[in-house]
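I have placed the structure first, in the form of structure tokens, so that the comments after it can refer back to it.
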Amino acid sequence: MTTRSITDRLGGLAFGGDYNPEQWDEPVWKEDDELMRRARVNLATVGVFSWALLEPEEGRYDFDWLDAHVERLHANGVAVDLATPTASPPPWFTLAHPDALPVTPEGTRHVHGSRNTYCLAAPAYRNAARRIASALAERYGDHPALALWHVHNEYATLCWCDHTAAAFRVWLRERHGSLDALNAAWGTAFWSQHYTSWEQVLPPRATHWHGNPGQAVDFRRFWSDEIIAAYREQRDAIRAHSDRPVTTNLMLPAYQNVDLWNFARELDVVTSDQYPSSPGLDAAASVAVHADRTRSLGGGRPWLLMEQGTNTVYDGGRILGKEPGDILRHSLGHVARGSEGALFFQWRQSRAGAETWHSAMVPHAGPDSRIFREVTQLGEAVSRLGELAGSTVTGSVAVLDSPDAWWALGVDGLPSSRLDDYHGELVRAHRALWDAGLTVDFARPEHELGRYRLVVAPALFLLSDEAAENLRRYVEGGGTLLVQHAAGFVDDRMHARLGGYPAGPLREALGIRVEEPRPLREDQRITLSDGSQGTVWSEVVRTEGAQTLATYTHGMLAGGPALTRHRSGGGQGWYLSTRLDDAGYAALVGRLLTEAGAGPDVPGIPAGVEAVTRRSSDGRHWQVLLNHTAEAVPLPEPAHDLLTDAPVRELPAGGCAVLRGH
Ligand code: GAL
């Protein structure tokens, strides 16, 4: 088993990125060595997409070139995060195993010429992936340079082929037990979908009209389990030869092909990739939500930012590049929230290939560039933060996140297609809390929530019986819960809740019953009695014990409850039956924080300054401060800053500090 943490091996926090020396030659490698020293790089991720070079033909491995780079890095004081190359099978694989290529719902089979072109359910792919992972582990498993194993890259590819169909049926038998149970779960009595043999059951391929919601959500669950099983096979093959920690880089963007909560449990250290899509304060908020989610997936354990960009990613005409100073600010934003370092994709910007224009630590312009200077400045900063290694971050409030609820909002035939912005709603709830200075945890609705003063449930369309009961208990036990519109409308089989939404125990906690959904058109707004406005959705709500705090003012809902509060046991259950405008939502969250007695992570910090506390188990703590304003900001009291190794009294415009607590 794993013996030491990455930071123990590195002697501090990690700094570096994906390194693809196979794209270059000797003079560049020499320069890389020198520049890595200059930038204080201590960890390089190698081999991520190197399958074609590592196994030039089936079963014949060529490790000599990789040996040379691993030795070179080691001699240069750079540890290795060794990847298995399985996200990019080589062309020979395609030709030998055409059945292992992915098929779209419409039946198009993809071919090589890009990456991620494989079907995870195809036996030929799984065997080839396991074999190369095992061969790499055998060769490098105890190499002194090796600090971490990086299985695959951003598992996400979906497939609807016949191998998938066969594996899906095995999974469904396991889950449902019998065809009768499957028919009942999927509601196949509707539209003549009744199955009389397992062979008739398919993955949700393109259909002529709306697909079956139960089938769609089960397919997502199945595929998630398939991904995790594929990861485990590689991990176990590696563990047979190596005691170093094993991970895969999770991707937490606006879509989700895997249950990240389940996946994170399998990782020795949770790692993830983050690429903000908008500039300025929105980018800082996006760093924060990403970091809080990644940390929460691992139950608060230290984690590692595996990838970020130094500047533009892909289409810079739409998504602006990073501003001067963002390389440091964003990286410290991640470190503030528990990352054990800051890594990038990639070290040197490619001169050819599909990501030629993707930014890197050493840009096309070379080291005499703003970007490399900022990278070097960051390397210096990270090298001063070694004492933070192993310390952790805890939120006092939580936002609920359920993969099932996310998938449920992606099915055909919902009461409004405008509900399908799960990620956007999660980010919005986080943003309101982040703006108020709180450090936020994410939690599954089934998790123990008792330690949170406030829990926000923004998009729980699907809610299991167990989760509904858990939320009831949370309120009963003294918690403050905000549940937002269209919550708990279906159970975990996608069956509608009868007798009024949401699920029974949650109705009890909220003291309301939703009788009728009233989705709003794109151009429609609805006004509340407190002056705020709703979009997307509204509902006919009946109170059953709850107090009405705001009503709708117009149309058939006039006078009906829009916002309610119910005191139940020691706590309060709030229900908001529309999607409030930003100002109204921020005001509501502010009010809830006051009611719940929850405040900023670091009190007394001026507006526009982000402040997060990391604590070690021996009682030491550090405050990471990021000034997002264009003004210098005085600190409440002078403190020792690790970045400058000097006392600071104020943060310059856009400046950062890491204060050692006393
Ligand atoms: C990541 C991926 C990298 C690179 C990067 C581009 O998702 O792991 O290989 O493609 O995106 O931003």
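For ligands, and for the atoms within them, numbers begin at 1 and follow the listed sequence.
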Asp81 vs Trp149, test: side-chain contact (heavy atoms from CB on, under 4.5 Å). Steps then yes/no. CA-CA 6 Å; Asp81 167 30; Trp149 283 102; 5.7 Å; no
Test log, rule side-chain contact (heavy atoms from CB on, under 4.5 Å), inputs Thr248 and His150: CA-CA 5 Å; Thr248 185; His150 180 299; 5.7 Å; no
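Of all atoms in ligand 1, listed by their number and element, those nearer than 4.0 Å to a heavy atom of Glu307 are 1 (C), 2 (C), 3 (C), 5 (C), 7 (O), 8 (O), 11 (O). Residue-ligand proximity, Phe49 to ligand 1, at heavy-atom distances under 4.0 Å covers atoms 9 (O). Close contacts between ligand 1 and Asn153 involve ligand atoms 2 (C), 8 (O), 9 (O) [criterion: under 4.0 Å to a heavy atom]. Near Val313, with a cut-off below 4.0 Å to any heavy atom, the atoms of ligand 1 are 12 (O). Near Glu154, meaning under 4.0 Å from any of its heavy atoms, are these atoms of ligand 1: 1 (C), 2 (C), 7 (O), 8 (O).
Neither the backbone nor the side chain of Gln308 comes within 4.0 Å of ligand 1, counting heavy atoms alone.
Among protein heavy atoms, the minimum distance from atom 12 (O) of ligand 1 is reached at His358 NE2, 2.6 Å. The protein heavy-atom contact nearest to atom 5 (C) of ligand 1 is Tyr275 OH, 3.4 Å. The protein atom (non-hydrogen) at minimum distance from atom 10 (O) of ligand 1 is Glu355 OE2, 2.5 Å. Closest to atom 9 (O) of ligand 1 among all protein heavy atoms lies Arg115 NH1, 2.9 Å.
Within the cation-pi definition used here (under 6.0 Å to the ring centroid, within 45° of the axis), Arg348 qualifies as a partner of Trp24.
With hydrogens and angles left out, the side-chain atoms of Ser350 and Thr356 include no donor and acceptor closer than 3.5 Å.
Note: Arg37 CZ to Asn42 CG = 14.5 Å, rounded to the nearest 0.5 Å.
Aromatic ring orientation, Phe219 versus Phe222: tilted (interplanar angle from 30° to 60°). In this structure, His152 and Tyr155 have parallel ring planes: the angle between them is below the 30° cut-off, well short of the 60° mark.
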